[in-house]
Amino acid sequence: MTIRREKNWQTTRKEAEYTSASLTTRSKFSWLYGRFEIRARFSPREGMWPAFWTLGVKEKWPMCGEIDIMEYYQSTYLANLCWGSPKKHVGKWSTTYTPLKWLQEKHADWADSFHVFRMDWDEKEVRLYADDILLNRTPLDNTVNASYKEVANPFRQPHFIILNLALGATGGDLDKLPLPQKYEIDYVRIYQKKDSPHKGTIPYRAEK
């Protein structure tokens, strides 16, 4: 028997021109409802693609549900929710696009300052903010997967956090971006009501 080994550019190349980073609580902790906050700063330049987002613990994408509390690229902040559409591997989106220029009109030093990006999430809706400016409000009665195995509404299940900085691709032309760049995180916090039946972190349990 002959074993064919495919070449993988990620492991066979001698060096990488640049690297980026991603942190996640997947397979560790998740949360159901609450206030999710990040206080962060980065240079809003072409080539940068920072994000603070969540995915549901069950179902494959997009049926698991995706919430982009903060996503930035090419002079635009996106506040998104995504769930399963009738087409396989195609998500249905609730998206808002907020131009950086519009935010700079409210805060002249926007590009040089730390900002708080927030999600308020309960059984009824998800609300996404930038410095207390409401960017997206999505009722959860409208976010039902077209097809699913276990979870009909992906935003009524626990989600885990992803915090990452991607470079290039949708983020824009890297030739215009001086490196290195920083995505500075002051804190990530999660608040929940004392009387909530869903209070606390939900430890990961491997499926049998």
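FYI, the numbering just counts along the sequence from 1.
- Other residues sharing a hydrophobic cluster with Leu134 under the 4.5 Å side-chain heavy-atom criterion for ILVMFWY residues are Tyr129.
- Through direct or indirect side-chain contacts shorter than 4.5 Å among Ile, Leu, Val, Met, Phe, Trp and Tyr, Tyr97 is connected to Trp49, Tyr73, Leu78.
- Residues that satisfy the side chain to side chain donor-acceptor pair (under 3.5 Å) test with Arg189, not counting sequence neighbours, are absent from this structure.
- Evaluation of the salt bridge (Lys or Arg N to Asp or Glu O under 4.0 Å) rule for Asp112 yields no partner, not counting sequence neighbours.
- Within the structure, ring pair (Phe, Tyr, Trp, His ring centres under 6.0 Å) contacts touching residues 137-176 (residues at least two apart or in different chains) are Trp121-His159, Phe155-His159.
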Exercise. Where do Thr25 and Thr201 land on the side chain to side chain contact (heavy atoms under 4.5 Å, CB included) test, with the steps shown first?
Worked result: CA-CA 11 Å; Thr25 66; Thr201 57; over 6 Å; no
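- Note on Leu55: it does not cluster hydrophobically with Met63, by side-chain heavy-atom contacts below 4.5 Å among ILVMFWY residues.
- Annotation: side-chain contact (heavy atoms from CB on, under 4.5 Å) contacts of Lys182 (sequence neighbours excluded): Glu184.
- Taking hydrophobic clusters as Ile, Leu, Val, Met, Phe, Trp and Tyr residues chained together by side-chain heavy-atom distances below 4.5 Å, Trp93 does not share a cluster with Val144.
- Glu66 and Trp61 share a donor-acceptor pair across their side chains, judged by distance under 3.5 Å alone.
- Here Asp131 pairs with His115 under the side chain to side chain donor-acceptor pair (under 3.5 Å) rule; sequence neighbours left out.
- Contacts of Ser196 classified as side chain to side chain donor-acceptor pair (under 3.5 Å), with partners at least two apart in sequence or in another chain: none.
- Considering only residues two or more places apart in sequence or on other chains, Asn136 meets the side chain to side chain donor-acceptor pair (under 3.5 Å) condition with Thr138.
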Listing, residues 31-39 side-chain donor-acceptor contacts under 3.5 Å, not counting sequence neighbours, or none:
unit_1 : atom_1 : unit_2 : atom_2 : d
Arg35  : NE     : Asp120 : OD1    : 2.7
Arg35  : NH2    : Asp120 : OD2    : 3.1
Arg39  : NH1    : Asp186 : OD2    : 2.8

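- Here Ile69 contributes atom CD1 and Arg127 contributes atom CZ; the two are 13.0 Å apart, rounded to the nearest 0.5 Å.
- By the salt bridge (Lys or Arg N to Asp or Glu O under 4.0 Å) test, Asp173 is found to be paired with no residue, residues two or more places apart in sequence or in another chain being considered.
- Nearest heavy-atom pair across Leu103 and Trp110 is CD1-CZ2, 3.5 Å.
- The main-chain N or O of Thr98 is never found under 3.5 Å from a side-chain atom of Thr76 such that the two would form a donor-acceptor pair.
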Problem set entry | Chi angles and distances behind the side chain to side chain contact (heavy atoms under 4.5 Å, CB included) call for Arg156, Val151 | CA-CA 8 Å; Arg156 289 180 175 144; Val151 180; over 6 Å; no
For this session: Verify side chain to side chain contact (heavy atoms under 4.5 Å, CB included) between Val188 and Phe52, making sure each step is shown before the conclusion.
Result: CA-CA 10 Å; Val188 174; Phe52 175 48; 4.0 Å; yes
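- Glu71 and Asn80 form a side-chain donor-acceptor contact under 3.5 Å, judged by distance and modelled atom types alone.
- In the hydrophobic clustering, Tyr187 connects to Val116, either directly or through intervening members, whenever side-chain heavy atoms lie under 4.5 Å apart.
- Between Phe117 and Tyr77, the ring planes are parallel. Angles under 30° get that label, and only those over 60° would be called perpendicular.
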For this session: Kindly indicate, with the supporting measurements, whether the criterion side chain to side chain donor-acceptor pair (under 3.5 Å) is fulfilled by Trp83 and Asn153.
Result: CA-CA 8 Å; Trp83 60 98; Asn153 193 316; over 6 Å; no
